[in-house]
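Notes follow once the structure below has been shown.
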Amino acid sequence: MQRIFSGIQPSGIPQLGNYLGALRNWVALQDGHECIYCVVDLHALTQWQEPAQLRQATREMAASLLACGVDARRHILFQQSAVHAHVRLAWLFNCVARMGWLNRMTQFKDKAGKDRENASTGLFVYPNLMAADILTYHATRVPVGDDQRQHLELANDIAKKFNHDYGVEFFPLIEPVILGVAARVMSLRDGTKKMSKSDPSDQSRINLTDDADAIALKIRRARTDPEPLPSEPAGLESRPEARNLVGIFAALADTDVAGVLGEHGGKGFDRFKEVLTALLVAKLTPIAEETKRWLADPATIDAVLREGAARARTIADPIVDEAERLVGLLQP
Ligand code: TYM
């Protein structure tokens with residue numbers, strides 16, 4: 001059975017892009033794989049976090065993952081900082097990855113913005129920790145949204161260079177699993193920008209705990225153009241906002257863009273937004289309710305994470321012990 005690893009930052013309640021680009025696939029892949037899912041709190045520290053807020057956001061993210069259907073009994077769900085093997089391997093990878101490779105990472109450029117000199121060094125080596133997350137488990141399949149593709153290519157470059165430098169076949173190559181019509185969900189306010197928790201406008205995203213009124217309002221206000229929906233996918237070219245809403249609908253309805261346009265082509269946005277809202281409410285309300293149920297019992301969330309970490313350690317520790325031995329660290 002192939003091993004899957006994926007992670008998500010503790011940004012509190014996930015937004016629709018996280019769900020459609022990643023979490024839904026995490027859940028679907030649980031049949032037929034051994035899955036390890038992680039709330040990556042160490043990655044969050046690469047940008048300033050208020051400590052109490054970070055702890056709460058980690059719990060909220062864990063509650064959301066459980067509510068989406070991550071099965072912590074059959075698989076592993078844990079918090080990154082609880083398994084020290086990740087940082088041990090990340091240090092080895094800091095010494096394998098090259099400055100030039102990291103300089104090419106578009107996410108660093110986006111997140112550091114104009115003031116690169118003032119970005120944390122953790123933000124710069126962020127992809128090395130991400131490679132360590134995956135390779136600490138010798139995982140081979142990684143379900144993510146499209147924005148993580150470049151990081152996974154870098155992880156493979158690191159694995160290859162490690163194997164080459166030490167003359168071993170120790171780390172496997174990984175395969176990005178980027179699935180579906182909504183691998184890149186865009187902002188509701190600007191169809192050229194990714195939907196993101198860090199967007200200052202809450203109107204730009206749907207959060208998985210938004211209630212029916214909030215969803216209806218956000219979709220009603222979502223930017224569109226004056227044309228009706230086309231009846232063929234080609235008609236969505238140069239219409240990023242229209243393409244985004246159709247993609248969201250297709251993903252939620254388990255169909256494709258052509259299927260949605262076959263049914264709704266010719267409709268104006270007023271009507272299409274109504275059916276989209278109804279679909280979002282139907283799919284997200286059960287998740288919101290389940291999230292609330294989990295959040296009412298934080299002690300159980302903490303216990304799930306603790307037990308997940310203990311199981312993760314039994315896989316991770318021997319692999320990272322061996323990696324340290326391969327590079328010549330003298331082991332106690
Ligand atoms: P993060 O926390 O930003 O996002 C978690 C997952 O959600 C996907 N995603 C999206 N997909 C489609 N449309 C969007 N608008 C959208 N926004 C987010 C992301 O692609 C991701 O799959 N670096 C990672 C976390 C990480 C990780 C790992 C992932 C750390 N270690 C090891 C995989 C394997 C991140 O910041 O994701």
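Atoms within a ligand are numbered from 1 in the order they appear, just like the ligands themselves.
Residue-level proximity to ligand 1 for L23 is absent, since no heavy atom of it falls below 4.0 angstrom. When non-hydrogen atoms are compared, ligand 1 lies under 4.0 Å from the backbone of I8 as well as from its side chain. At a heavy-atom cutoff of 4.0 Å, ligand 1 is contacted by the side chain of Q15 but not by its backbone.
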Would you give me the side-chain donor-acceptor pairs under 3.5 Å for residues 281-290, sequence neighbours excluded?
residue : atom : partner : partner atom : Å
T285    : OG1  : V281    : O            : 2.6
E290    : OE1  : R293    : NE           : 3.1
E290    : OE1  : R293    : NH2          : 2.4

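Between D147 and ligand 1, at least one pair of N/O atoms sits closer than 3.5 Å. Taking any N or O of Q9, backbone or side chain, at least one lies under 3.5 Å from an N or O belonging to ligand 1. Between M195 and ligand 1, at least one pair of N/O atoms sits closer than 3.5 Å. Not a single N or O atom of A22, backbone or side chain, sits closer than 3.5 Å to an N or O atom of ligand 1.
No heavy atom of Q80 sits closer than 4.0 Å to any atom of ligand 1. Put simply, part of A183 is less than 4.0 Å from ligand 1, judged by heavy atoms.
Counting only residues at least two apart or in different chains, salt bridge (Lys or Arg N to Asp or Glu O under 4.0 Å) contacts with residues 258-276 are absent.
Between R205 and D199, none of the side-chain N atoms (NZ, or NE/NH1/NH2) sits under 4.0 Å from a carboxylate O, so this pair counts as no salt bridge.
For K109, the NZ atom sits in a packed shell: over 12 heavy atoms of surrounding residues, nucleotides or ligands are nearer than 6.0 Å.
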